[in-house]
Peer 1: 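Mind looking over this structure? Questions follow.
Reminder, nothing fancy here: chain letters follow the sequence lines and each chain counts from 1.
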Amino acid sequence: MDKAYDHKKYEAEIYKKWEESGAFAPSETGKPYCMIMPPPNANDDLHIGHARFVAIEDALIRYHRMKGEAVLWLPGADHAGIETQFVFEKKLKEQGKSRFDFDRETLYQMIWDYVQKNKSNMENQLRSLGASCDWSRERFTLDPEIVRIVYRTFKKLHDDGLVYRGERLVNYCTRCGTAYSELEVDHVEKEGEIYTLDYGSIKIATTRPETIFADAAVAVNPNDKKYAALVGKKATIPLINRGVLIISDEAVEMGVGTDALKVTPAHDFTDWEIGERHNLERITVVGRDGRITVPAPEKYRGMYVNEARKAVVADLEAAGKLVKREKKQMVTGVCYRCKNPIEPLPSPQWFVKVGPLVEPAKRAVEEKKTVFAAEKFEKIYLHWLDNLRDWNISRQIVWGIQIPAWKCGKCGEWTITAGETPGECGGCGGKNLTRDTDTFDTWFSSGQWPFATLQTTQPGDFERFYPTAVMETAYDILPFWVMRMTMLGLYVTGKVPFEKVLIHGLVRDKQGQKISKSKGNVINPLEMTEKYGTDALRMALVWGALVENDMALAEDNIRGQRNFANKIWNIARFIVMADEADKAEGGAKTEMNDDDEWINKELKKTVKTVTEDLEQFRLNEAAAEVYEFVWHKLADVYLEKVKGRRAEAQDNLRRVWAEALKLLHPFMPFVTEVVWQELKFGESPTLISAHWPS
RNA sequence: GGGCACUUAGCUCAGCGGUAGAGCGCUGCAUUCACAUUGCAGAUGUCGGGGGUUCAAAUCCCUCAGUGCCCACCA
């Protein structure tokens, strides 16, 4: 054995050996233990957050496999609709092109090819992180079998009256050219201006003067005495001198602006609701391209909203209708992806009625059918469900699963199928049908991932492994994913998709700052594994904090764990050299003393606490326990004591070491496996398939 | 405005009812011995402030202060 452990020499070879040995596939017997991997987006390299989930999930997977359970860790890849199209469009832009230069089929094919390349890249990175998942069962969210299931769910929802097509005010990104769900809108605070305008009989305050041409009313609070006499009278929109009714509605809060609100149903969510209550006209003056349209006065048409705002304000001022303008900190919705301001626009979309899905999803958690490992996330989950609105599942992009809905050219009715092209309109029998060009929200398909995967891998998998044991994922997608999986899983299969939810925190830089490209504090997991070895990175990612908490990751910690890997290597080296010496002297002659009994007792204690910690998902504690035992008890104390009576203690040392390697294996799979094979323990040719000590 | 957390050694974090812990960093010493990617020894904290419960509180309760994250239609 070399003097120091060289991870580069062993990792790839060991991984190949594991994979070829069939150890990643579930055994025929044993209690089923299934984890579905959160499928990484197939559009980029893995980042440090992926490395953390691999470290956590693989540790649990290896532990349960060693306990003799039938373990299935099912890997996958996500087509990640918006994300991927966004990334791809950036590439196109670098080449001086845009999505509008291609027809739908060509664009789809180009993204497909791009994704396939990234997908295999991503898979290799998971391998290099040591993920012991069953590649023979890998699924991609656009696999035809998966798509069929997604279609079927949509049809079922539709047949049950839980899907409707509605003209609603949606969060529209004029840059991305698609509507989003409420969850995909970020809110940023920035300085804007609020303008007080003279509406003749009343003054109103607004931050969006460019939309005055779409006003349908002016609203005041029903309890507002100062305006009570005006309700039912008319106000006059300046510049165009159109009269609108003054109405009263409880949505108007008092103490804001002039206490009078211009109601623009087509361009504001509050106003939309007021409009519904009062049956107001929905006048649109902003188009999907973000430019002003008719019926705004001609001079503003074609302007982007920002320019139009300036122009309108200037004209209002000239007309003497601008009473006041002042700076104001305000919160605006921006596209979570491109950060452009979200434009609320009326648009026909497919919605899922969430009410009937929310109740079972709440009950499942309240009745502990699904248990959150960290209670705080259960509270957050329930809070989310209580405040959920109907889910817009249609996106105006090409990259994704096209919605199986056809519109009749004759009667205008929609025909929904489970994927197949309908022969005729379900309403009038017309033959002239056109398919909706929209695609599903990515989360609509990934929300079905646990059952969609298991129903399409091997016969019997679903019956055997569903509900899965644990869903492990990051907290930032709790509402997007965990919540939707529970709702859709319960709806389609009648059972929760997973029994436990283990949520992990974010990886931050060593000062605890959020990692971002713009800050330049990105930690590249592949660079770290190259430099210090996968085991070191993984141990550092588990060691630093409770699974559920954010973790500050310093390179020093990774280096420290590399040193630990080297310590493991050298303990083994010591034992090998002792073996050789024994052989030369005619074999070990076992004779136990107090030191042996002490280390055996310490080992037993360690086995107990590490096992308990793993059962409770306290991976940091478990890792620290083994570390303490191996380095500071076995190496620093026992090994030193043994030096004087090597031959008598050798058998016990080998036995203790074999058990210690097992405890370490979930956290540092490579070096422990190399060492296990080096020492040729008889129990099992590979450590990955050895038995967890008890 | 609503929700969820956090505040413990210089830094990053564990501990969550029984007289303070780890890693890194720091100080000193050692070292041809499995490992300098090392060993041994050591310093550093009225566990955010205040109140309460208890024989006993970093740990439970209340309160104040600060920090972070998520949500939200204040025009």
Side-chain angles (χ1 to χ4, degrees), chain A residues 1-6 169 182-183 185-187 192 194-197 204-209 211 215 218-219 251-264 267-274 328-333 344 374-384 386-388 475-476 478-479 505-506 508-514 532-533 536 539-540 543-546 548-578 618 620-621 623-625 627-628 631-632 635-637 639-640 642-643:
Chain A
M1 287 174 83
D2 297 335
K3 219 170 164 187
Y5 173 58
D6 179 8
L169 204 56
E182 53 173 312
L183 304 188
V185 179
D186 283 346
H187 294 270
I194 181 163
Y195 309 90
T196 305
L197 307 182
I204 61 95
T206 180
T207 54
R208 300 208 57 188
T211 64
D215 288 354
V218 166
V252 183
E253 286 183 41
M254 288 169 67
V256 183
T258 62
D259 290 343
L261 171 69
K262 82 184 189 69
V263 184
T264 319
H267 297 299
D268 183 277
F269 288 97
T270 308
D271 297 9
W272 178 272
E273 283 167 23
I274 296 175
K328 182 177 160 64
Q329 281 302 113
M330 45 193 245
V331 176
T332 37
E375 206 185 341
K376 64 176 173 183
F377 292 116
E378 178 179 319
K379 292 182 195 167
I380 292 171
Y381 167 93
L382 291 172
H383 188 252
W384 265 109
D386 281 335
N387 293 292
L388 210 56
Y475 65 67
D476 54 350
L478 181 78
L506 269 35
R508 296 167 173 273
D509 75 5
K510 67 175 173 186
Q511 279 101 25
Q513 300 292 306
K514 199 167 176 175
Y532 300 109
M539 188 67 162
W543 176 281
L546 289 166
E548 73 236 42
N549 285 350
D550 288 356
M551 140 182 303
L553 181 65
E555 193 168 333
D556 278 349
N557 294 90
I558 306 171
R559 188 164 42 74
Q561 296 301 342
R562 188 274 315 267
N563 295 353
F564 183 47
N566 191 238
K567 176 62 75 174
I568 293 165
W569 176 262
N570 272 288
I571 295 170
R573 188 155 168 258
F574 176 89
I575 297 174
V576 166
M577 289 166 99
R618 291 189 297 253
N620 60 321
E621 291 289 313
E625 287 285 344
Y627 179 99
E628 164 73 13
W631 198 323
H632 300 306
D636 288 348
V637 179
L639 231 53
E640 292 304 320
V642 147
K643 280 177 182 170

Peer 1: Would you measure the distance from the C1' atom in B:A43 across to the matching atom in B:C24 and give it in whole Å?
Peer 2: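 Those two atoms are separated by 16 Å.
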Peer 1: Any side-chain N or O of A:Lys3 less than 4.0 Å from the OP1 or OP2 oxygen of B:U37?
Peer 2: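 No, outside the criterion.
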Peer 1: Touch check for A:Asp636, heavy atoms < 4.0 angstrom, all strands: base, sugar-phosphate only, or nothing?
Peer 2: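 Sugar-phosphate, no base atom in range.
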Peer 1: Run A:Thr207 and A:Tyr195 through side-chain contact (heavy atoms from CB on, under 4.5 Å) and show every step you take.
Peer 2: CA-CA 6 Å; A:Thr207 54; A:Tyr195 309 90; 5.7 Å; no
Peer 1: Do we see a donor-acceptor contact under 3.5 Å between the side chains of A:Tyr475 and A:Asn549?
Peer 2: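 On atom types as modelled, these side chains do not qualify, holding no pair under 3.5 Å.
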Peer 1: Can you find a donor-acceptor N/O pair under 3.5 angstrom joining the side chain of A:Glu548 to the base of B:A5?
Peer 2: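 Donor-acceptor pair under 3.5 Å: no.
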Peer 1: Touch check for A:Trp272, heavy atoms < 4.0 angstrom, all strands: base, sugar-phosphate only, or nothing?
Peer 2: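 If one applies the 4.0 Å heavy-atom cut-off, A:Trp272 turns out to touch nothing in the nucleic acid.
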Peer 1: With both distances under 3.5 angstrom, what nucleotide forms a Watson-Crick or G-U wobble pair with B:C60?
Peer 2: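 With both distances under 3.5 Å, B:C60 matches B:G52.
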Peer 1: Counting the atoms with a prime plus P, OP1 and OP2 as sugar-phosphate, which does A:Ile380 contact under 4.0 Å by heavy atoms, base, sugar-phosphate, or nothing?
Peer 2: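 The residue A:Ile380 makes sugar-phosphate contact but no base contact.
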Peer 1: Within the structure shown, what part of the strands sits under 4.0 Å from A:Ala545 by heavy-atom distance: base, sugar-phosphate, or nothing?
Peer 2: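 It contacts sugar-phosphate atoms only.
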Peer 1: So A:Ala552, base contact, sugar-phosphate only, or nothing? Heavy-atom distance under 4.0 Å.
Peer 2: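 Contact class for A:Ala552: sugar-phosphate only.
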Peer 1: Is there side-chain contact between A:Thr211 and A:Asp268, with at least one heavy-atom pair below 4.5 Å?
Peer 2: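 Heavy-atom side-chain distance check fails, nothing below 4.5 Å.
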Peer 1: How would you label the contact of A:Leu546 with the nucleic acid (heavy atoms, under 4.0 Å): base, sugar-phosphate, or nothing?
Peer 2: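 Result for A:Leu546 = sugar-phosphate.
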Peer 1: Please name the nucleotide paired to B:C29 by Watson-Crick or G-U wobble geometry with both distances under 3.5 Å, or report none.
Peer 2: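 Paired with B:C29, as far as the under-3.5 Å criterion goes, is B:G39.
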Peer 1: So which nucleotide from B:A75, B:G23, B:A34 ends up closest to the side chain of A:Thr207?
Peer 2: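 It is B:A75.
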Peer 1: For A:Val252, report the nucleic acid contact type (base, sugar-phosphate, nothing); a contact means any heavy atom under 4.0 Å.
Peer 2: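 Result for A:Val252 = base.
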Peer 1: Here's a test of your reading of the structure: between A:Met577 and A:Arg559, which maps to the more 5' nucleotide of RNA chain B?
Peer 2: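 Mapping each residue to its closest nucleotide by heavy atoms, the 5'-most match is A:Arg559.
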Peer 1: Would you indicate which nucleotide in B:G39, B:A22, B:A14 comes nearest to any side-chain atom of A:Glu621?
Peer 2: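 Per side-chain heavy atoms of A:Glu621, the pick is B:A14.
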Peer 1: NA contact type, A:Asn549, heavy-atom cut-off 4.0 Å: base, sugar-phosphate, or nothing?
Peer 2: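 It contacts sugar-phosphate atoms only.
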Peer 1: Partner lookup for B:A5, please. Criteria are Watson-Crick or G-U wobble with both distances under 3.5 angstrom; report none if nothing qualifies.
Peer 2: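 The answer is B:U67, by the H-bond criterion.
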Peer 1: Answer with base, sugar-phosphate or nothing: what part of the nucleic acid does A:Lys643 contact at a heavy-atom distance below 4.0 Å?
Peer 2: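 The answer is base, as A:Lys643 lies within the cut-off (heavy atoms under 4.0 Å) of a base atom.
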Peer 1: Distance check, C1' atoms only: B:G15 and B:C47, in whole angstrom units.
Peer 2: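 After rounding to an integer number of Å, I get 10 Å for this pair.
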Peer 1: Partner of B:U46 by Watson-Crick or G-U wobble geometry, both contacts under 3.5 Å, or none?
Peer 2: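 For B:U46, the partner nucleotide comes out as none, under the 3.5 Å rule.
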Peer 1: Quantified in whole Å, what is the P atom distance between nucleotide B:G28 and nucleotide B:G66?
Peer 2: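 Going atom to atom, P in each nucleotide, I get 42 Å.
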Peer 1: Establish, with yes or no, whether the OP1 or OP2 oxygen of B:G2 is under 4.0 angstrom from a side-chain nitrogen or oxygen of A:Asn387.
Peer 2: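 No.
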Peer 1: Considering only side-chain heavy atoms of A:Asn563, which listed nucleotide, B:U38, B:A34, B:C74, is closest?
Peer 2: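 When the side chain of A:Asn563 is considered, B:U38 is the closest of B:U38, B:A34, B:C74.
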Peer 1: Counting only side-chain nitrogens and oxygens, does A:Lys510 get under 4.0 Å of the OP1 or OP2 atom of B:C13?
Peer 2: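 For B:C13, OP1/OP2 do not have a side-chain N/O of A:Lys510 under 4.0 Å.
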Peer 1: Check the orientation of A:Phe564 and A:Tyr627. Use parallel for under 30°, tilted for 30 to 60°, and perpendicular for over 60°.
Peer 2: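 Answer is tilted, since the angle falls between 30° and 60°.
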Peer 1: So do A:Asp271 and A:Asp215 actually touch side chain to side chain, heavy atoms under 4.5 Å?
Peer 2: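 A:Asp215 does not reach A:Asp271 side chain to side chain.
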Peer 1: If B:G21 has a Watson-Crick or G-U wobble mate with both distances under 3.5 Å, name it; if not, just say none.
Peer 2: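 Pairing partner: B:C13.
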Peer 1: Should A:Trp384 be listed as having a side-chain N or O under 4.0 Å from OP1 or OP2 of B:G3?
Peer 2: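 Negative; the distance criterion is not met.
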Peer 1: Contact class for A:Gly560 vs. all strands (heavy atom < 4.0 Å): base, sugar-phosphate, or nothing?
Peer 2: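 Nothing, no heavy atom under 4.0 Å.
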Peer 1: Over all strands shown, is A:Lys567 touching base, sugar-phosphate only, or nothing at heavy-atom distances under 4.0 angstrom?
Peer 2: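 Base, at least one base atom sits under 4.0 Å.
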Peer 1: What nucleic acid atoms does A:Glu628 come within less than 4.0 Å of, heavy atoms only: base, sugar-phosphate, or nothing?
Peer 2: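 Nothing, no heavy atom under 4.0 Å.
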Peer 1: Using a cut-off of 4.0 Å on non-hydrogen atoms, how would the nucleic acid contact of A:His632 be classed: base, sugar-phosphate, or nothing?
Peer 2: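 Sugar-phosphate, backbone atoms only, no base.
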Peer 1: Base, sugar-phosphate, or nothing: which does A:Ala260 touch, judged by heavy atoms less than 4.0 Å apart?
Peer 2: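 Counting heavy atoms under 4.0 Å across all strands, no contact is made by A:Ala260.
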